[in-house]
*Asks:* 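Have a look at this one.
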Amino acid sequence: MSDEKEMVIIDSTQPPPPPLSPPSPLLRFPLHSLISSRQQNHGLKFSDHGSYGSYCSRRIRRLRSSLLLTNRPAGGGRRSKKYEGRPVTADVMRGEGGRVDHLDLVAMEAERAWANAMSCKASSGGRGGGGGGEEDKGGRRRRVSRLGKAAKHAARLEGLCGFGADERTRVEAAAYAAWMRGARGLEVEEWEKAAKDFGVAQALLKGLAETAGAEERRALEERAEGCVPSIRYCKYNMGGGSEAVGLDDRADLLRLLDGPGAAGLREKLEGLLDEGRKREARDGDGKTDVVFRGREVAVADAGVRVKLLKAGDLQKELTAALGGDDEELVEKCYVKALTAYDDALDFVGRAQAKDGSKASKSAGTDFPSLSRYLKYMKLRCMMGRGESMVRALAGSHGSPHELVHVYESLLQNAKQVQDLGGGEPGDEFGREAEAQVLRLRTLRCRQLGLVYESMGEYGKAVAVLGLAQDLATETGERYEALGGDEEVLVEMAELEGAVTGDKSRAQARAYLKETG
């Protein structure tokens, strides 16, 4: 009995077993949505990689300070002039001290190295060592070095996510590491390896996007779409040629230039386009003709032909964009087309000056007529842009003051078209140009009358609207004599009815103002 009691006493004095600690929750790090947001907010919206790299450096310093991972003196001595880094290791992530900030720190180190490489690429002109100079070679070496460092940081991030991160974060890190390897492979021209890495990244990102929320899905899909230009460019250089990847359609390649992820490839893709145009200009029959004012203008100069092909490609891209609903894309296409026409005019002007005689036709190229043709195409493009602005203002109920300014610009362009020489007096081109000037005068006159009406000057409004009514009738008759542009005839008929209503309203308000 006593033994039994003694045993009970001994058992009661033993310490209770320690409670079971709950399992540490797995870390969730939305890598791509965070990176996308930071890039847009810190410089990459305007392709400023330098500003983004500076932001990454500041972010790294803050993270190291909060995680107590600042660099320490080498050898343990406080007076040592050498410092050694404190990297995020697997041991840190295995324990309970592993945090999302540790993963963020490694991701920012990879982003900083990548941003520095892209900044170096922009400052050296974008072409990877193509010039062969010491500065180009040094810049390329630095880009390759920084991209290699970015790929190493991304691989380290992928490894760290294996200790304490959830499955989704691990897949995101794998896609990020594959993308960085592809970026480095693209720079060192390892086409097959780069295409494979970009393909892996694209597949993983698409899989993640299918089960993501709306905001995160958008970032993942943009990143996946950004892999497309790189993959196609790699395949082109692997020997398949333009037939294998459909690059004969230059409009398709131009669309890639405006797509997401093409910023780093822009110079190389434009180089491909230039090579295709030069080959077409060289392999043709040695002569290209353009038609202006009913006459063929001979173009035998290869450089001029390349410029014409580029302007034609961008004009086709603009026409395709006008068929859609993306106003931002349309404006971008207008700017690119106008820039191409300016470049072509500048090139023709220098070629004409080098020829030494504005009246001669050197080497089969009629430079004066070609210059008039390019001016006409540029003015027509400017007028199309102005008409788009009018439609946008009318759709958003723009004020008559704004429309008057746009119509004044359009009228000035139409008069410049009318003043272009190179044809017979009274030919069809000249008569159409005169009719266009008359049409724009009519439209501007109506908006000017509405401006006077809004200012309370009803007498002037009645007079100007009466003039617009007469001009609308004359414009309809002029276009009918030219063969009848049905769209313009309907526009003038509708305008004449609208102006009649505007004039009657202005007369009524003038009467009420006079009678009090």
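Count residues from 1 along the sequence.
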*Asks:* Could you walk me through whether L31 and L157 pass side-chain contact (heavy atoms from CB on, under 4.5 Å), step by step?
*Replies:* CA-CA 10 Å; L31 176 61; L157 175 64; 4.0 Å; yes
*Asks:* I need the L403 CG to M389 CE distance, nearest 0.5 Å.
*Replies:* 9.5 Å
*Asks:* Within the distance-only criterion (no hydrogens, no angle test), does the side chain of D166 pair as donor or acceptor with the backbone N or O of T169 below 3.5 angstrom?
*Replies:* yes
*Asks:* Is there side-chain contact between E408 and V404, with at least one heavy-atom pair below 4.5 Å?
*Replies:*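 In contact.
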*Asks:* Is it true that the side chains of D342 and T339 contain a donor and an acceptor less than 3.5 Å apart?
*Replies:*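 No donor-acceptor contact under 3.5 Å links the two side chains.
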*Asks:* List in chain and number order the residues that pass salt bridge (charged side-chain N to carboxylate O under 4.0 Å, His left out) with D48, two or more places apart in sequence or in another chain; answer none if no residue qualifies.
*Replies:*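 Scan of D48 (salt bridge (charged side-chain N to carboxylate O under 4.0 Å, His left out), adjacent residues dropped) gives none.
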*Asks:* Applying salt bridge (charged side-chain N to carboxylate O under 4.0 Å, His left out), can you list everything that pairs with K196, at least two apart in sequence or on another chain?
*Replies:*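 Result, salt bridge (charged side-chain N to carboxylate O under 4.0 Å, His left out) vs K196: none returned.
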*Asks:* Verify side-chain contact (heavy atoms from CB on, under 4.5 Å) between H102 and L160, making sure each step is shown before the conclusion.
*Replies:* CA-CA 9 Å; H102 289 104; L160 291 172; over 6 Å; no
*Asks:* I'd like to check the side-chain hydrogen bond (donor to acceptor under 3.5 Å, both in side chains) partners of S145; sequence neighbours left out, ordered by chain and number.
*Replies:*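 side-chain hydrogen bond (donor to acceptor under 3.5 Å, both in side chains) list for S145, sorted by chain: empty.
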*Asks:* Mind checking the CZ-OG spacing from F347 to S371? Nearest 0.5 Å is all I need.
*Replies:* 13.5 Å
*Asks:* Among residues at least two apart in sequence or on other chains, which ones pass ring pair (Phe, Tyr, Trp, His ring centres under 6.0 Å) with Y55?
*Replies:*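 Here the qualifying residues are H42.
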*Asks:* Are any of the side-chain heavy atoms of E111 and M180 separated by less than 4.5 Å?
*Replies:* yes
*Asks:* Just to verify, what does S65 make a side-chain hydrogen bond (donor to acceptor under 3.5 Å, both in side chains) with, not counting sequence neighbours?
*Replies:* none
*Asks:* When you measure from the side chain of S454 to the backbone of V451, do you find a donor-acceptor pair of N or O atoms at a distance under 3.5 Å?
*Replies:*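 Yes, the answer is positive, given that a donor and an acceptor are paired below the 3.5 Å cut-off.
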*Asks:* For the residue pair L67 and R99, establish whether any side-chain heavy-atom pair is separated by less than 4.5 Å.
*Replies:*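 Yes, at least one pair of side-chain atoms sits under 4.5 Å.
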*Asks:* Roughly how far, to the nearest 0.5 Å, is OH of Y52 from CZ of R38?
*Replies:*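 Spacing of CZ (R38) from OH (Y52) equals 7.5 Å.
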*Asks:* Which atom pair, heavy atoms only, marks the closest approach of A321 to V330?
*Replies:*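 Closest pair (atom of A321, atom of V330, distance): O-CG2, 3.4 Å.
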*Asks:* Quick one: pull up SG in C333 and NZ in K316 and give me the separation to the nearest 0.5 Å.
*Replies:* 14.5 Å
*Asks:* If the condition is side chain to side chain contact (heavy atoms under 4.5 Å, CB included), which residues does E387 pass it with, not counting sequence neighbours?
*Replies:* R391, L410, R439, L440
*Asks:* Taking only residues two or more places apart in sequence, or in another chain, which ones meet S399 in a side chain to side chain contact (heavy atoms under 4.5 Å, CB included)?
*Replies:* H401, E402
*Asks:* How far does CG of L69 sit from CZ of R86, to the nearest 0.5 angstrom?
*Replies:*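 Output value for this atom pair is 7.0 Å.
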*Asks:* Given R146 and C120, is the side-chain contact (heavy atoms from CB on, under 4.5 Å) satisfied, shown in steps?
*Replies:* CA-CA 9 Å; R146 301 309 296 177; C120 180; over 6 Å; no
*Asks:* Not counting sequence neighbours, list each pair that qualifies as a salt bridge (charged side-chain N to carboxylate O under 4.0 Å, His left out) and has a residue in residues 27-36.
*Replies:*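 Listed by first then second residue: R28-E172, R28-E216.
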*Asks:* Test of understanding: with side chain to side chain contact (heavy atoms under 4.5 Å, CB included), list the residues that count as partners of E331, not counting sequence neighbours.
*Replies:* V335, R385
*Asks:* Can you confirm whether more than 12 heavy atoms, excluding those of Q40, are under 6.0 Å from its CD atom?
*Replies:* yes
*Asks:* Among D313, L314, L308, which residue satisfies the side-chain contact (heavy atoms from CB on, under 4.5 Å) criterion with K310?
*Replies:* L314
*Asks:* Using the test salt bridge (charged side-chain N to carboxylate O under 4.0 Å, His left out), find all partners of K193 that sit at least two apart in sequence or belong to another chain.
*Replies:* D197
*Asks:* Would you find a donor on one side and an acceptor on the other, under 3.5 Å apart, between the side chain of S119 and the backbone of A115?
*Replies:*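 It does not hold such a pair.
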*Asks:* Determine whether a donor-acceptor pair (N or O, by modelled atom type, separation under 3.5 Å) exists between the side chain of R112 and the backbone of S57.
*Replies:*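 Side chain of R112 to backbone of S57, a donor-acceptor pair under 3.5 Å: no, none is there.
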*Asks:* With a 3.5 Å distance limit and no angle check, can you tell me whether S388 reaches the backbone of G384 through a side-chain donor-acceptor pair?
*Replies:* yes
*Asks:* Only counting residues at least two apart or in another chain, list the ones meeting salt bridge (charged side-chain N to carboxylate O under 4.0 Å, His left out) with R142.
*Replies:* none
*Asks:* Of the non-hydrogen atoms in A110 and A154, which two are nearest, and what is the gap between them?
*Replies:* CB-N, 4.0 Å
*Asks:* Begin from the C-alpha positions of E491 and E487 and carry the test side-chain contact (heavy atoms from CB on, under 4.5 Å) through to its verdict.
*Replies:* CA-CA 6 Å; E491 180 189 32; E487 186 177 346; 5.8 Å; no
*Asks:* Could you check whether any side-chain N or O of R181 sits under 3.5 Å from a backbone N or O of A151, counting only pairs where one atom can act as donor and the other as acceptor?
*Replies:* no
*Asks:* Excluding sequence neighbours, so at least two apart, what forms side chain to side chain contact (heavy atoms under 4.5 Å, CB included) with V100?
*Replies:*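 V100: side chain to side chain contact (heavy atoms under 4.5 Å, CB included) contacts with L27, F29.
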*Asks:* If we only count heavy atoms from C-beta on, is the Q412 to Q416 side-chain gap below 4.5 Å?
*Replies:* yes
*Asks:* Is the count of non-hydrogen atoms from other residues, nucleotides or ligands lying under 6.0 Å from M377 atom CE greater than 12?
*Replies:* yes
*Asks:* So do Q447 and R444 actually touch side chain to side chain, heavy atoms under 4.5 Å?
*Replies:* no
*Asks:* Does any non-hydrogen side-chain atom of W179 lie less than 4.5 Å from one of V200?
*Replies:* no
*Asks:* Once rounded to the nearest 0.5 Å, what's the spacing between atom SG of C381 and atom NZ of K336?
*Replies:*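 Those atoms lie 12.0 Å apart.
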*Asks:* For the CZ atom on R380, are there more than 12 heavy atoms of other groups (residues, nucleotides or ligands in this structure) within a distance under 6.0 Å?
*Replies:*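 Atom CZ in R380 is not packed in, count stays at 12 or less.
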*Asks:* Are E158 and Y176 close enough that some pair of their side-chain heavy atoms sits under 4.5 Å apart?
*Replies:*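 Side-chain contact under 4.5 Å: no.
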*Asks:* Which of these passes salt bridge (charged side-chain N to carboxylate O under 4.0 Å, His left out) with E109: K149, R64, R59?
*Replies:* R64
*Asks:* Hey, are H153 and R156 close enough side-chain-wise for a donor-acceptor pair under 3.5 Å?
*Replies:* yes
*Asks:* Any side-chain heavy atom of R168 within less than 4.5 Å of one from T211?
*Replies:* yes
